[in-house]
Protein chains: 2
Amino acid sequence: MIRLYDFDKVKPEEILNRDIRAEADVEATVDAIIADVRARGDAALIEYAAKFDHAELQSVQVTQQEIDEAFAELDAQDPEFITTLKMAAENIRHFHEQQLHKNFILTDKPGVVLGQKYTPIQRAGVYVPGGTAAYPSTVLMDVIPAKVAGVKQIVMTTPAGPGGKVNPGILAAAVIAGIDKIFKSGGAQAVAALAYGTESVPAVDKIVGPGNIYVATAKRKVFGKVGIDMIAGPSEILVLADGSCNPAWVAADMLSQAEHDKLATPVLVTDSWELAKAVQAELEVQIPQLARAAIARASVDTNGKIIVTDDMNKAIEAVNIIAPEHLEICVDDPFAVLGRIENAGSIFLGKNVPEALGDYFAGPNHTLPTSGTARFSSPLGVDDFVKKSSFIYYTREALGQVEKRIANFAEHEGLHAHAKSVTIRFEDQ
Amino acid sequence: MIRLYDFDKVKPEEILNRDIRAEADVEATVDAIIADVRARGDAALIEYAAKFDHAELQSVQVTQQEIDEAFAELDAQDPEFITTLKMAAENIRHFHEQQLHKNFILTDKPGVVLGQKYTPIQRAGVYVPGGTAAYPSTVLMDVIPAKVAGVKQIVMTTPAGPGGKVNPGILAAAVIAGIDKIFKSGGAQAVAALAYGTESVPAVDKIVGPGNIYVATAKRKVFGKVGIDMIAGPSEILVLADGSCNPAWVAADMLSQAEHDKLATPVLVTDSWELAKAVQAELEVQIPQLARAAIARASVDTNGKIIVTDDMNKAIEAVNIIAPEHLEICVDDPFAVLGRIENAGSIFLGKNVPEALGDYFAGPNHTLPTSGTARFSSPLGVDDFVKKSSFIYYTREALGQVEKRIANFAEHEGLHAHAKSVTIRFEDQ
């Protein structure tokens with residue numbers, strides 16, 4: 001059964017223990033795999049696919065024929081699903097297009113031009129897990145922002161299953177999102193291939209996408225050589241609810257996270273002991289009805305929390321301390337609360353907005369900062385696939401007016417060659 | 001003497017070897033220091049200040065009296081310098097104000113509101129090195145973007161020298177930039193204090209600022225608990241010049257980086273063998289005249305490169321492969337080249353714009369992506385001190401229209417509780 005806490009009696013920092021670290025043996029394994037892929041390229045990828053994924057591959061790239069077969073298979077199974085994928089993709093594209101920034105230029109001083117321009121990253125790599133964590137929704141969420149940003153080449157790697165086959169939903173989502181190339185490789189070896197390139201896989205400038213501890217460790221190791229997105233921890237939902245909420249809906253929303261993973265964290269913060277107890281009871285009713293009841297049970301009992309506060313002000317304070325990945329604000333007037341939320345990845349406003357709406361369909365990204373990192377980081381988006389360059393232009397006259405200031409500053413820092421690089425331009429030649 | 005390369009005969013990837021890693025013994029030392037600061041707080045900071053900085057401290061926070069004394073000392077020494085600091089700060093503030101983004105909201109579908117809002121990080125910590133690398137300019141560049149972003153509390157740590165005194169230029173720059181509190185602590189212990197807090201030092205949400213290998217390693221270790229800015233490698237300048245350039249100016253600009261550090265990398269890319277040889281000779285003339293001649297000599301001889309290409313198109317290609325931290329475009333019409341630069345931190349346009357102008361004064365940030373990371377990362381700026389939250393609002397009717405799509409998607413991913421969280425809202429109660 002989920003545990004109840006009185007907010008006044010616990011330190012909020014103690015409520016969520018979210019410290020995840022790689023074991024030393026994972027580090028050594030990942031180091032060896034990266035070195036092997038750098039040395040042997042595709043041959044290493046094919047060997048690891050056989051060893052770890054039980055997939056016998058002739059080549060690592062997915063062919064057009066395989067893509068056509070995936071669409072045919074999905075269409076035969078459930079023709080609506082391809083339409084659902086396309087509608088979701090369109091919503092995601094529309095939302096992310098609003099994230100594009102404009103270059104700017106300042107010309108307000110005589111002879112001076114200052115500015116900043118955006119350039120898309122040239123090549124991006126998207127990692128997609130296989131097996132039961134193969135989520136077409138994540139493919140859409142990772143590829144579409146790169147596409148909107150204008151990345152020239154977007155490639156994906158995902159492990160093949162036995163027989164060398166890739167999940168058809170993954171392939172369809174990738175094509176709908178606008179992928180350029182798809183490779184059959186998973187784990188640390190896929191990350192190594194994206195970072196350093198092989199005969200088939202182009203070396204990319206940035207790698208995004210979730211994965212297990214081997215994938216996460218490999219991403220940390222190649223960081224610097226390439227960019228990476230966040231290292232995602234277990235999924236979290238925090239429902240902020242007052243006494244007016246339907247406890248069955250709140251419980252269902254908490255369970256939508258709990259079913260992901262035993263480590264997932266479902267939290268309710270409320271000012272109502274009555275709602276707290278009703279949700280606690282509802283969870284017990286609904287868990288046994290779930291297909292993934294065992295996972296949800298472990299998540300709720302181990303990590304689940306209901307925190308009761310004196311009032312909604314305290315509840316909002318708790319939210320900002322916890323800095324949840326997903327925040328549902330289940331009150332009648334959620335827009336009144338929106339401005340007071342300082343730390344949260346994605347915010348679901350009102351009683352009719354279950355997190356699943358955002359996971360799949362509404363448009364905002366579902367790749368979000370976990371483990372309290374919403375205090376300083378943001379959802380995946382177009383910004384992750386562009387970079388800025390600043391620029392400075394001065395005329396000779398404009399430089400002449402500040403020559404002595406710059407030399408003064410440089411001399412104070414003991415950097416005489418800095419000073420000289422300005423003054424030399426005004427010496428007699 | 002600086003080495004010359006024919007662009008057609010070398011792999012550009014081989015030209016710049018920029019792989020920097022912490023030694024294992026640094027890791028162990030840093031782990032021990034972090035654990036000690038977490039356990040003992042201020043007492044540990046005071047002990048390390050005595051041990052590493054030879055500074056006997058009574059308390060770790062800089063007092064108002066110390067700040068007043070710093071201004072008085074600077075004013076007595078060189079009254080112009082405070083004015084220079086204030087003018088530079090104003091330029092930096094003006095430029096960074098242009099980086100502020102607007103929230104957005106989409107209301108184009110009936111019953112649906114989607115949006116994204118920016119929130120400043122609540123607390124930021126700025127690390128400032130001491131000793132000969134104590135640069136007031138870096139204080140301005142690190143603090144002002146946080147201030148413009150709206151960070152509520154900005155604190156700085158920097159090591160005190162013998163006698164417990166902090167460099168007066170550092171203190172003045174911090175106050176002019178708008179710092180809230182200043183602490184006397186350097187090295188890994190300062191990073192630990194910022195990440196975990198002590199009796200005096202508040203725990204912050206993000207740590208920025210350069211430092212030695214101990215500081216960089218500590219930043220890597222606390223990343224996740226807090227955000228960090230980039231881990232900066234040695235400084236780099238790439239001068240892209242055609243045959244019309246003054247070789248003495250080009251050499252002076254290259255030396256303005258070379259004087260920083262033996263590991264600094266000054267590079268010239270040109271389509272003119274004549275300029276290449278003239279710059280090579282000019283470097284030999286100017287190096288002996290420098291105050292920091294030994295450092296510049298080591299930088300130029302070990303890391304310096306002149307790369308000669310067949311034409312300017314190839315030269316621009318080389319620039320984009322190298323992805324330099326600082327790029328000077330020394331040609332008569334630099335704006336014609338600007339749009340073709342894909343990878344560079346900060347771009348200096350034309351013959352009258354030595355890098356030092358941007359290091360100190362013009363306004364754009366001087367904390368820039370090194371080691372080729374301009375392929376995927378950006379100058380420090382306001383974006384580093386804000387984060388985004390997305391939000392979703394649907395009416396009951398709007399949710400009803402997509403209920404089946406979301407359930408369809410969730411069922412395809414085998415996540416039945418996700419589906420249930422939507423459908424439960426339309427069941428008979």
Side-chain angles (χ1 to χ4, degrees), chain A residues 80-81 84 95 98 104 114 119 121 135 169 205-206 227 252-253 255-256 259 290-291 342 344 346-350 352-354 356-358 360-364 375-379 387-394 396 399 402 405-406 408-410 412-413 416-418 420-422 424-425, chain B residues 80-81 84 95 98 104 114 119 121 135 169 205-206 227 249 252-253 255-256 259 290-291 342 344 346-350 352-354 356-358 360-364 375-379 387-394 396 399 402 405-406 408-410 412-413 416-418 420-422 424:
Chain A
E80 280 306 302
F81 182 55
T84 299
F95 181 83
Q98 317 306 316
F104 68 79
L114 304 176
T119 323
I121 284 172
Y135 297 141
D205 300 303
K206 183 159 185 170
D253 294 358
L255 292 174
S256 76
E259 75 167 338
L290 296 178
E342 300 201 43
S346 193
I347 304 169
F348 302 79
L349 294 163
N352 303 302
V353 191
L357 171 61
Y360 290 117
F361 204 79
R375 290 180 297 116
F376 54 81
S377 58
S378 301
K387 61 261 178 359
K388 292 158 272 185
S389 299
S390 53
F391 53 87
I392 302 171
Y393 167 84
Y394 268 57
R396 183 172 170 77
L399 183 66
V402 298
R405 292 280 165 204
I406 299 165
N408 177 242
F409 209 144
H412 261 273
E413 293 192 351
H416 308 286
H418 280 66
K420 178 76 176 176
S421 71
V422 181
I424 195 173
R425 286 169 158 84
Chain B
E80 280 306 302
F81 183 54
T84 300
F95 182 83
Q98 317 305 315
F104 68 79
L114 304 176
T119 322
I121 285 173
Y135 296 139
D205 300 303
K206 185 160 183 171
W249 298 7
D253 293 358
L255 291 174
S256 75
E259 76 168 335
L290 296 178
E342 300 200 44
S346 192
I347 304 169
F348 301 80
L349 293 163
N352 303 302
V353 191
L357 172 60
Y360 291 116
F361 204 78
R375 291 181 295 114
F376 54 82
S377 57
S378 301
K387 63 261 181 354
K388 294 159 271 184
S389 300
S390 53
F391 54 87
I392 303 172
Y393 167 84
Y394 268 55
R396 181 171 172 79
L399 182 66
V402 297
R405 292 280 165 205
I406 299 164
N408 176 242
F409 209 144
H412 261 274
E413 293 193 348
H416 307 287
H418 281 64
K420 179 75 178 178
S421 72
V422 182
I424 196 173

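In the text below, chain A, chain B and the rest are named by the order of the sequence lines, each starting its count at 1.
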- chain A shares the most heavy-atom pairs under 4.5 Å, among Asp253(B), Leu255(B), Val422(B), with Asp253(B)
- Message: Under 3.5 Å, is there a donor on one side chain and an acceptor on the other for His418(A) and Glu259(B)?
- Response: yes
- Query: Which atom names give the shortest non-hydrogen contact between Gly358(A) and Ile392(B), and what distance separates them?
  - Reply: CA-CD1, 3.6 Å
- Message: Quick one: does any side-chain atom of Lys387(B) pair with a main-chain N or O of Ala344(A) as donor and acceptor, under 3.5 Å?
- Response: no
- Heavy-atom pair of closest approach, residues Arg405(A) and Thr84(B): NH1-OG1, 2.9 Å
- Item | Between Ser377(A), Gly227(A), Pro354(A), Ser389(A), the one whose heavy-atom pairs under 4.5 Å with chain B are most numerous | Pro354(A)
- Message: To check you understand the geometry: which heavy-atom pair defines the closest contact between Ser421(B) and Ala252(A), and what is its length?
- Response: CB-O, 3.8 Å
- Task: Output the distance between atom CZ (Phe376(A)) and atom CD1 (Ile121(B)), rounded to the nearest 0.5 Å.
- Result: 8.0 Å
- If you tally heavy-atom pairs under 4.5 Å between each of Lys206(B), Glu80(B), Glu342(B) and chain A, the highest tally belongs to Glu342(B)
- Which word best sums up how the rings of Phe409(A) and Phe81(B) line up, parallel for under 30°, tilted for 30 to 60°, or perpendicular for over 60°? perpendicular
- Message: Please report whether the ring centroid of Phe95(A) lies less than 6.0 Å from that of Phe104(B).
- Response: yes
- Might you point out which heavy atoms bring Ala417(A) and Ser256(B) nearest each other, and give the distance in Å? O-CB, 3.7 Å
- Side chain, backbone, both or neither: which part of His416(B) has an atom under 4.5 Å from a heavy atom of chain A? both
- Message: At a heavy-atom distance under 4.5 Å, which candidate from Pro379(B), Ser378(B), Ser346(B) has the highest pair count against chain A?
- Response: Ser378(B)
- Message: For Phe391(B) together with Phe348(A), are the ring centres under 6.0 Å from each other?
- Response: no
- Message: Working note: Ile406(B) + Leu357(A), criterion side chain to side chain contact (heavy atoms under 4.5 Å, CB included); need CA distance, chi angles, decisive distance, verdict.
- Response: CA-CA 7 Å; Ile406(B) 299 164; Leu357(A) 171 61; 3.4 Å; yes
- One should read off an interatomic distance between Asp205(A) CG and Arg375(B) CZ, to the nearest 0.5 angstrom, of 4.5 Å
- Note on the structure: Ranking Tyr360(B), Tyr135(B), Tyr393(B) by heavy-atom pairs under 4.5 Å to chain A gives rank one to Tyr360(B)
- Item | Interface residue of largest heavy-atom contact number with chain A, from Ala362(B), Gly363(B), Gly350(B), under 4.5 Å | Ala362(B)
